[in-house]
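Just so it is clear, the structure is predicted and the values come from calculations on it, not from any experiment.
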Amino acid sequence: MTQLKEVFTFSNGLEIPAIGLGTWQMSPEEAEQMTAYALNNGYIHIDTARTYVNEEGVGKGMKASGVNREDFFLTTKVSAFSKTYDEAKKDIEDSLTALDTEYLDLVIIHAPRPWDKMHTDGPIEKMYFEENLQVWRALEEAYEAGKVKAIGVSNFEIDDLVNLLENVKIKPMLNQIKYHIGFRDEQLVQYCQENDMIVEAYSPIGTGKLLNNPDIQTIADKYNKSTAQIAIRYCYQKGLVVLPKSVHEEYVDNNADLDFEILATDMDYLNRLVIN
Ligand SMILES: NC(=O)c1ccc[n+]([C@@H]2O[C@H](COP(=O)([O-])OP(=O)(O)OC[C@H]3O[C@@H](n4cnc5c(N)ncnc54)[C@H](OP(=O)(O)O)[C@@H]3O)[C@@H](O)[C@H]2O)c1
């Protein structure tokens with residue numbers, strides 16, 4: 001499980017482990033159980049969010065694990081609906097309380113626009129540029145106060161990033177984006193990396209969609225691995241931090257068993273897959 005201990009280094013020198021346990025769609029009880037299990041089985045990185053409504057469970061799991069707080073990395077997210085300075089500041093305080101922790105390793109803005117404005121078929125009505133600058137100010141303050149060790153964003157596109165980069169004091173250190181076999185925005189990844197942002201791949205297994213894909217199964221059979229392992233290893237070989245989620249202990253173990261290499265020809269094959 002060596003990949004669990006590998007790290008990427010932020011522009012401020014802080015390190016973030018390459019593999020983290022995702023907790024979206026976990027109940028508080030599941031989050032408690034899986035956080036404790038993961039931390040006791042080699043994971044040193046947990047990803048939650050204010051709107052997952054499971055931070056208290058994650059916090060309990062952290063305590064139950066017995067692992068020292070400084071020995072693992074914890075991320076949470078300011079709600080996509082919190083678009084004022086006051087709302088963002090309150091989210092950070094509420095997360096610290098719910099997770100029962102003195103500090104957060106990473107806080108990110110969950111999305112540039114409220115969710116109901118993110119997934120529209122038509123043109124984007126409003127970018128929320130001014131609002132995101134206000135929210136960012138709350139993150140910067142928490143960072144300067146030492147409550148948060150690194151700050152970043154999620155689901156930000158290039159225009160959203162330009163708005164921050166041109167107007168803020170402390171630059172975003174990371175962008176957490178949807179990225180998996182068949183769903184990649186390499187232009188965005190390149191833009192982030194050129195601007196000193198670490199890129200995290202969320203939904204690396206396509207929220208389960210990739211598990212039964214016959215083309216990925218072909219590669220999995222060749223390496224004697226699961227489709228989940230191929231999907232996670234693919235993102236890892238692309239140089240991204242990867243956040244697989246599972247509520248099953250055997251899958252949490254399986255997802256961390258990444259000590260193999262997908263050959264360049266097979267990476268090319270996976271690069272070309274179209275996932276519907
Ligand atoms: N920033 C954002 O907007 C955003 C959005 C989405 C996700 N995320 C983060 O990224 C994390 C991961 O993404 P995700 O939750 O969409 O899902 P995912 O990790 O892509 O896939 C999870 C699904 O795959 C199954 N699974 C996992 N490992 C498996 C294995 N080894 N064998 C068989 N099945 C396996 C899980 O089943 P079981 O759980 O039933 O075991 C679950 O159904 C989230 O939990 C969250 O932390 C962030």
Within the distance-only criterion (no hydrogens, no angle test), does the side chain of [X] pair as donor or acceptor with the backbone N or O of [Y] below 3.5 angstrom?
X	Y	answer
D100	G59	no
R113	M127	yes
T207	S203	no
Q3	A18	no
Y269	I219	no

Ionic contact status for E87 with R50, cut-off 4.0 Å
no
SB check K147 E93 (cutoff 4.0 Å)
yes
F72 six-ring face occupied by R69 cation (under 6.0 Å, within 45°):
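Judged by the rule, R69 and F72 form a cation-pi pair.
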Any cation-pi pair here, R137 with Y85, using under 6.0 Å and within 45°?
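Because its charged atom sits under 6.0 Å from the ring centre and within 45° of the axis, R137 does stack over Y85.
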Can you say whether the rings of F10 and F73 are parallel (under 30°), tilted (30 to 60°) or perpendicular (over 60°)?
parallel
Please tell me whether [X] and [Y] have a donor and an acceptor in their side chains that are separated by less than 3.5 angstrom.
X	Y	answer
Y236	E6	yes
Y202	D47	no
D266	Y223	yes
Y128	D160	no
E250	N254	no
T48	N54	yes

Looking only at non-hydrogen atoms, find the nearest pair between Q229 and F260 and report the distance.
O-CZ, 3.8 Å
Atom of V199, atom of V189 and distance for their closest heavy-atom approach
CG2-O, 4.1 Å
